[in-house]
K.L.:
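Take this structure first; my questions come after.
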Amino acid sequence: MKKIFVLAIGFLFVFTNLFAQKPSDRRKMQQQQAATEAIQEESDEKEADKKLSPSELRKKRLEQGEFETALKEYVSDFDRTTAPEKYKNNSAVILAQSIYFDFTPTPQNGLIEKRIIRRRVLIQDKSALETFSMFYTRPDAKYKLSIIKPDKTKKEVSKKAALTESVNDKDIPDFFGEYIGGGSNVTKLPVQGLEIGDILDIQQVVDISSGVYSNPFIAAPVVEVLSNNYPLVIQRFGMMVPSNYNIQLFCLNGTPKPEIDSKSDGSRLYLITDSMRSTSTREYYNYLLKSSPVFKFQISLKSRAKYKNIEDNFDSPLSEDDIIKLANQRTSPSYEYQAALTKATIKYVKSLKLMPSQKEEIVRQAYYFLRTVTLVKLDNKESSLIMLYGASMIKNGALEGINEDLFLSIMESVLDEFNIEHVGVAGVSKKYGSVADVIHQNELEKGIKVLGSKPFYIFNLNQHSYFNEVYPFMEGTDVLVYSKSKDRKKDGYDISNERLPESKLEDNYVKEISTVKVSENFENLLLQKRLEAKGNPRYDYYDDVLFKRDFVTSDLEKIGRKEENEEVVSKNKARQAAYLKTKQEQEEKVMKDGLDNLKKMFEGQKFEVEKVSDFELVSDGRYDKSPILEFKINTEFKNLIAQAGPNYLVSVGTLIGSQLELKPEDMKRDFDIYQNYRRHFVDEINFEIPEGYTVEDPNSLKMNVDNESASFVAEVEVKGNLLHFKTTKTYKNLYDTKSKWENYTKVLDAAYEFHQKKIVLKKKG
């Protein structure tokens with residue numbers, strides 16, 4: 001007690017003296033105190049170092065050396081402590097940033113790749129303080145954080161409070177997410193003591209990959225966007241290319257060209273320097289990598305005979321022939337598995353006894369057979385081969401996917417077996433650019449074009465994809481179509497340029513038809529909803545609605561097989577009863593979980609949901625001959641009706657689901673407008689008018705905004721006790737110039753305006 005009393009008296013003395021001093025004296029005293037604390041912390045750190053073992057101390061010094069050696073000649077970039085006047089209203093400013101891509105060869109032609117990152121961030125408001133008060137990184141990363149106060153005193157952030165745990169990707173700020181690579185096992189460190197006006201200095205070393213690889217080794221490609229959520233004063237990107245490697249490097253959309261520093265050992269440093277880069281422009285219906293400044297590169301191993309030669313490819317597009325060679329660098333996890341699956345596929349198609357002229361049907365059946373294989377084990381023999389494919393592809397006894405190269409190789413074998421003429425297709429997603437800018441295999445989307453009077457396409461499948469379905473992000477893109485050269489003297493390909501077909505507007509839609517009642521107590525709205533989705537939009541619903549009908553069993557039935565668990569159950573009646581009981585319990589749990597998913601789906605559309613019930617899947621829409629996903633569901637929504645004297649206000653506009661609310665800054669457009677595919681959304685509402693009430697001015701719901709790019713139309717009529725209204729929102733084009741943005745804003749504003757509309761249920765008499 002005595003000790004506490006003395007401390008209290010001491011604190012009171014300091015506190016009283018502090019307020020008795022002039023402001024300048026107080027500041028001087030605070031600076032002296034901070035300097036004393038910094039000296040004490042440095043002393044404490046040295047004392048802590050004395051307690052480390054020689055190996056721990058060596059490790060710490062090695063880490064510090066890595067932080068300091070990367071682009072060390074530009075360390076003065078990180079002396080900056082103030083932001084330019086033009087950035088004073090931004091939430092935070094990145095005063096300096098350096099990202100160094102370090103590639104170190106191993107004796108066995110392996111490669112150790114790491115990134116050494118330093119960032120100095122000025123915190124300018126509460127929003128940035130909240131973002132940077134928690135630091136995120138990978139558990140295997142080395143890092144060091146320091147806080148620099150406005151008086152330039154510096155304090156290292158203690159790592160004692162760091163935790164490693166799973167974090168949802170969407171909860172990780174974009175600033176940190178790039179170098180984490182996912183939400184599982186993320187290290188979180190509270191940045192204690194950080195305040196508005198402080199600078200957070202981040203030093204980080206992340207190991208990307210290491211190991212021994214067979215020749216030729218190609219490092220994973222890198223794509224970097226220069227802009228950030230915060231403005232950047234100065235940033236540098238360094239790529240150290242070993243002497244026995246080549247680099248492929250493209251600088252796009254206004255990225256500065258690199259400086260090249262060739263070292264005496266044959267290695268080369270490629271350095272991109274960028275300054276005064278404003279924040280990323282996040283615009284609706286825009287592909288970031290097509291419009292923002294970006295560079296991409298990869299490095300690949302040279303042949304030993306060419307170690308001394310620099311054969312880097314800097315901003316020189318690959319030839320079409322080289323691009324096709326990239327596309328054909330296929331990898332299959334197991335030749336034995338590929339051969340067995342090819343044989344099984346051909347055997348199945350032949351069992352159908354199709355005519356040679358039925359080329360489309362032959363390919364369709366092979367496609368859906370292989371899609372089924374991606375979902376289930378076929379038999380014990382094939383299962384053992386599947387295990388060779390890699391445990392990462394196995395989940396609960398089922399394959400989750402199929403390698404693109406494996407799938408295309410099998411399909412080509414099927415086409416050859418049935419003498420069906422075909423050519424290869426190679427392109428790039430419209431999100432990432434054009435096929436002319438390709439530098440690495442990972443950019444390419446590959447497929448097959450089957451020739452004939454009515455050509456059709458084969459792209460890699462997923463568990464819900466159609467035969468002859470072009471990826472939505474590939475529609476309308478320019479691709480290379482190729483085949484082995486017919487000239488036997490030529491070692492290469494016959495190549496032509498084509499544009500992939502685009503799906504039609506009427507083939508991509510969501511249509512919701514609802515009957516709506518007011519609950520007996522006039523508190524909630526009760527909806528009986530039927531939803532249809534066709535074409536690309538159907539993918540938005542599969543995760544939420546395919547929970548009741550077991551589509552795996554359905555697929556197996558189509559190819560004449562039974563699911564493993566559905567095979568002969570023991571003749572012992574007790575065991576059979578137990579099996580059926582367990583199966584029923586599982587189905588009930590699946591239904592409950594599914595209804596919970598649907599509830600979350602509606603809540604995601606900004607509805608307040610009392611309950612969902614009576615789900616019925618009418619059609620899963622997973623085959624091109626029955627392409628419509630259709631289901632029925634009953635819902636009850638809260639807070640859409642309010643009493644106004646003897647009358648009621650009903651938020652009927654909300655029933656079409658959430659709509660985009662444009663802000664003033666969204667009206668300006670810097671980039672052109674891109675859509676994955678044309679589509680339309682239809683909502684038909686049959687609102688039952690309660691007995692004793694009428695709808696006041698139903699025509700106030702009518703709207704019609706229609707132009708060459710998009711439209712929003714709302715029709716309404718009253719028939720007896722039914723208020724019927726229908727809205728249709730349409731996106732007509734895959735591409736528009738930014739000058740057409742007003743066409744979209746008018747439609748989006750109209751849809752949002754309708755979403756806010758209410759009707760008055762007026763009491764009769």
K.L.:
Counting N and O atoms only, with roles assigned by atom type, does the side chain of Arg499 sit under 3.5 Å from a partner on the main chain of Thr477, one being a donor and the other an acceptor?
P.N.:
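No; judged by distance alone, with no hydrogens or angles, the pair does not exist.
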
K.L.:
Hydrogens and angles aside, do Asn468 and Tyr457 bring a side-chain donor and acceptor to less than 3.5 Å of each other?
P.N.:
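Per modelled atom types, Asn468 and Tyr457 side chains form no pair under 3.5 Å.
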
K.L.:
Between Ser91 and Ala128 (side chain of the first, backbone of the second, donor and acceptor by atom type, cut-off under 3.5 Å), is there such a pair?
P.N.:
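Present.
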
K.L.:
Any heavy-atom pair between the side chains of Leu95 and Ile199 that's under 4.5 Å?
P.N.:
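Yes, side chains in contact.
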
K.L.:
Just so I know, are the side chains of Asp478 and Asn497 near enough to count as touching, which here means a heavy-atom distance under 4.5 Å?
P.N.:
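In short, these two side chains do not touch, never coming nearer than 4.5 Å.
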
K.L.:
Can a side-chain donor-acceptor contact be found between Thr187 and Thr164 if the only test is distance below 3.5 angstrom?
P.N.:
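Thr187 and Thr164 do have a side-chain donor-acceptor pair below 3.5 Å.
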
K.L.:
Looking at CD of Gln97 and CG of Asn228, how far apart are the two atoms once the value is rounded to the nearest 0.5 Å?
P.N.:
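It comes to 6.5 Å.
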
K.L.:
Quick one: which of Phe297, Phe295, Tyr100 gives a ring-ring contact (aromatic ring centres under 6.0 Å, His included) with Phe237?
P.N.:
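It is Phe295; the other options fail the test.
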
K.L.:
Distance only, no hydrogens: is a donor on one side chain within 3.5 Å (strictly under) of an acceptor on the other, for Ser465 and Tyr471?
P.N.:
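Result is no, nothing qualifies.
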
K.L.:
Rounded to the nearest 0.5 Å, what separates atom CG in Asp201 from atom CG in Leu122?
P.N.:
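That separation rounds to 12.0 Å.
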
K.L.:
What is the distance from atom CG of Leu370 to atom CE of Met411, rounded to the nearest 0.5 Å?
P.N.:
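If we round to the nearest 0.5 Å, Leu370:CG and Met411:CE are 6.5 Å apart.
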
K.L.:
Cut-off 3.5 Å, side chains only: do Ser267 and Asp265 have a donor facing an acceptor?
P.N.:
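Looking only at side-chain atoms, Asp265 and Ser267 do form a donor-acceptor pair, the distance falling under 3.5 Å.
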
K.L.:
Between the side chain of Asp207 and the main-chain N/O of Glu113, is any donor-acceptor distance below 3.5 Å?
P.N.:
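No; judged by distance alone, with no hydrogens or angles, the pair does not exist.
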
K.L.:
Is a side-chain donor or acceptor of Gln441 paired with a backbone partner of Gln329 at a separation under 3.5 angstrom?
P.N.:
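Answer holds: yes.
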
K.L.:
Hey, does Arg120 have a side-chain heavy atom less than 4.5 Å from the side chain of Thr81?
P.N.:
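Thr81 vs Arg120: side chains touch.
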
K.L.:
Verify the neighbour count for atom OH of Tyr432: are there more than 12 heavy atoms of other residues, nucleotides or ligands below 6.0 Å?
P.N.:
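It does not: Tyr432 OH has 12 such atoms or fewer within range.
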
K.L.:
Testing the basics here: between Asp274 and Pro256, what is the closest heavy-atom pair and its distance to 0.1 Å?
P.N.:
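Minimum heavy-atom separation between Asp274 and Pro256: OD1-CG, 3.8 Å.
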
K.L.:
Using the rule given for side-chain contact (heavy atoms from CB on, under 4.5 Å), can you reason through Lys431 versus Asn676, listing the C-alpha separation, both sets of side-chain angles and the distance that settles it, and then say yes or no?
P.N.:
CA-CA 9 Å; Lys431 294 180 181 180; Asn676 278 347; 4.2 Å; yes

K.L.:
I'd like to know whether Ile172 forms a side-chain contact (heavy atoms from CB on, under 4.5 Å) with Val186, so could you lay out the CA-CA distance, the side-chain angles of the two residues, the decisive distance to 0.1 Å, and finally the verdict.
P.N.:
CA-CA 9 Å; Ile172 302 174; Val186 173; 4.1 Å; yes

K.L.:
Taking atom types as modelled and ignoring hydrogens, do the side chains of Asp672 and Tyr285 form a donor-acceptor contact shorter than 3.5 angstrom?
P.N.:
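There is no such pair between these side chains.
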
K.L.:
Validate the cation-pi geometry between Lys430 and Tyr674: distance from NZ or CZ to the six-membered ring centre under 6.0 Å, angle to the ring axis within 45°.
P.N.:
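That pair does not qualify as a cation-pi contact.
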
K.L.:
Looking at Lys446 and Glu404, does any basic side-chain N land under 4.0 Å from a carboxylate oxygen?
P.N.:
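Looking at Lys446 and Glu404, the cut-off is met.
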
K.L.:
Where the side chain of Glu443 meets the backbone of Ile439, is there a donor-acceptor pair that is under 3.5 Å apart?
P.N.:
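Checked: pair present.
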
K.L.:
When you compare the side chains of Gln204 and Thr137, does any donor N or O come within less than 3.5 Å of an acceptor on the partner?
P.N.:
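Gln204 vs Thr137: donor-acceptor pair found between side chains.
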
K.L.:
Using modelled atom types only, decide if a donor and an acceptor are shared between the side chain of Asn90 and the backbone of Val93 within a distance under 3.5 Å.
P.N.:
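No.
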
K.L.:
Judged by atom type as modelled, is there a donor-acceptor pair below 3.5 Å linking the side chain of Arg115 to the main-chain atoms of Ile99?
P.N.:
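No; zero donor-acceptor contacts below 3.5 Å.
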
K.L.:
Will you find, in the side chains of Ser413 and Asp416, an N or O donor that is under 3.5 Å from an N or O acceptor?
P.N.:
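Their side chains do not contain a donor-acceptor pair, so the 3.5 Å distance test is not met.
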
K.L.:
Counting N and O atoms only, with roles assigned by atom type, does the side chain of Gln235 sit under 3.5 Å from a partner on the main chain of Leu226, one being a donor and the other an acceptor?
P.N.:
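Checked: pair present.
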
K.L.:
How long is the span from the CZ atom in Phe314 to the OH atom in Tyr270, to the nearest 0.5 Å?
P.N.:
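Separation between the atoms: 7.5 Å.
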
K.L.:
Run His422 and Glu412 through side-chain contact (heavy atoms from CB on, under 4.5 Å) and show every step you take.
P.N.:
CA-CA 8 Å; His422 60 281; Glu412 285 174 345; 4.1 Å; yes

K.L.:
Classify the ring geometry of Tyr230 against Phe132: parallel below 30°, tilted from 30° to 60°, perpendicular beyond 60°.
P.N.:
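Correct class here is tilted.
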
K.L.:
Here's one to test your reading of the geometry: is the NZ or CZ of Arg118 within 45 degrees of the ring axis of Tyr74 and under 6.0 Å from its centre?
P.N.:
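The answer is no; the distance or angle limit is not met.
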
K.L.:
Using every non-hydrogen atom in the two residues, find where Lys290 and Gly433 come nearest and quote the distance to one decimal.
P.N.:
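Heavy atoms only, the tightest pair is CG-N, 3.9 Å.
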
K.L.:
Can you tell me how far CG of Asn244 sits from OG of Ser300, rounded to the nearest 0.5 angstrom?
P.N.:
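Ser300 atom OG to Asn244 atom CG measures 10.5 Å (nearest 0.5 Å).
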
K.L.:
Less than 4.0 Å between a side-chain N and a carboxylate O, is that true for Arg268 and Asp312?
P.N.:
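Answer for the salt bridge query: yes.
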
K.L.:
Closest approach of Val241 and Tyr245, non-hydrogen atoms and distance?
P.N.:
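Heavy atoms only, the tightest pair is CG1-O, 3.5 Å.
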
K.L.:
Report the distance from atom CZ of Arg669 to atom OG1 of Thr737, rounding to the nearest 0.5 Å.
P.N.:
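So the gap between those two atoms works out to 10.5 Å.
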
K.L.:
Between Gln338 and Ser409, is there a side-chain heavy-atom distance shorter than 4.5 Å?
P.N.:
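Ser409 vs Gln338: side chains touch.
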
K.L.:
Check the pair Glu224, Lys296 against salt bridge (charged side-chain N to carboxylate O under 4.0 Å, His left out), reporting the backbone distance first and the verdict last.
P.N.:
CA-CA 6 Å; Glu224 282 286 334; Lys296 57 183 180 178; over 6 Å; no

K.L.:
Between Asp321, Asn328, Ile323, which is the residue that forms a side-chain contact (heavy atoms from CB on, under 4.5 Å) with Lys325?
P.N.:
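Exactly one candidate clears the test, Asp321.
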
K.L.:
Considering non-hydrogen atoms only, spot the tightest contact between Leu249 and Pro258 and give its length.
P.N.:
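Heavy atoms of Leu249 and Pro258 come nearest at CD2-CG, 3.7 Å.
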
K.L.:
Does a donor on one side chain sit under 3.5 Å from an acceptor on the other, for Thr104 and Asp102?
P.N.:
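Yes, because at least one side-chain N or O of Thr104 sits under 3.5 Å from a partner of the opposite role on Asp102.
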
K.L.:
Yes or no on ring pair (Phe, Tyr, Trp, His ring centres under 6.0 Å) for Tyr143 and Phe135, after CA distance, side-chain angles and deciding distance?
P.N.:
CA-CA 10 Å; Tyr143 63 93; Phe135 172 74; 5.2 Å; yes

K.L.:
Going by heavy atoms in the side chains, are Ile410 and Leu408 under 4.5 Å from each other?
P.N.:
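No, side chains not in contact.
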
K.L.:
Compare every heavy atom of Phe473 with every heavy atom of Glu445, then report the nearest pair and how far apart it is.
P.N.:
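Heavy atoms only, the tightest pair is OE2-CE1, 3.8 Å.
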
K.L.:
Is a salt bridge present between Lys738 and Asp670, judged by a nitrogen-to-oxygen distance below 4.0 Å?
P.N.:
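No salt bridge links Lys738 with Asp670.
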
K.L.:
Under a 4.5 Å cut-off applied to non-hydrogen side-chain atoms, are Leu252 and Pro293 in contact?
P.N.:
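Heavy-atom side-chain distance check fails, nothing below 4.5 Å.
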
K.L.:
Parallel, tilted or perpendicular: which describes the rings of Tyr136 and Phe176, with under 30° parallel and over 60° perpendicular?
P.N.:
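Geometry flag for Phe176 against Tyr136: tilted rings.
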
K.L.:
Between Glu165 and Val167, does the side-chain contact (heavy atoms from CB on, under 4.5 Å) criterion hold? Intermediate values first, please.
P.N.:
CA-CA 6 Å; Glu165 58 188 20; Val167 180; 4.2 Å; yes

K.L.:
Any idea which heavy atoms bring Leu71 and Gly238 closest together, and the distance?
P.N.:
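That would be CD1-N, 4.2 Å.
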
K.L.:
Please determine whether side-chain hydrogen bond (donor to acceptor under 3.5 Å, both in side chains) holds for the pair Thr273 and Arg236, giving the CA-CA distance in whole Å, both sets of side-chain angles, and the decisive distance to 0.1 Å.
P.N.:
CA-CA 5 Å; Thr273 302; Arg236 301 183 196 273; 3.1 Å; yes

K.L.:
Does this structure show an ion pair linking Glu498 with Lys449, if we count only N-O contacts that are shorter than 4.0 Å?
P.N.:
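Yes, charged N to carboxylate O under 4.0 Å.
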
K.L.:
Could you tell me whether the side chain of Ile148 reaches within less than 4.5 Å of the side chain of Asp198, counting heavy atoms only?
P.N.:
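No - every pair of side-chain heavy atoms lies 4.5 Å or more apart.
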
K.L.:
Between Val294 and Val223, is any pair of side-chain heavy atoms under 4.5 Å apart?
P.N.:
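Contact flag for Val294/Val223 side chains = yes.
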
K.L.:
Run the salt-bridge test on Arg138 and Asp140 with the 4.0 Å N-O cut-off and return the result as yes or no.
P.N.:
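Yes, this pair counts.
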
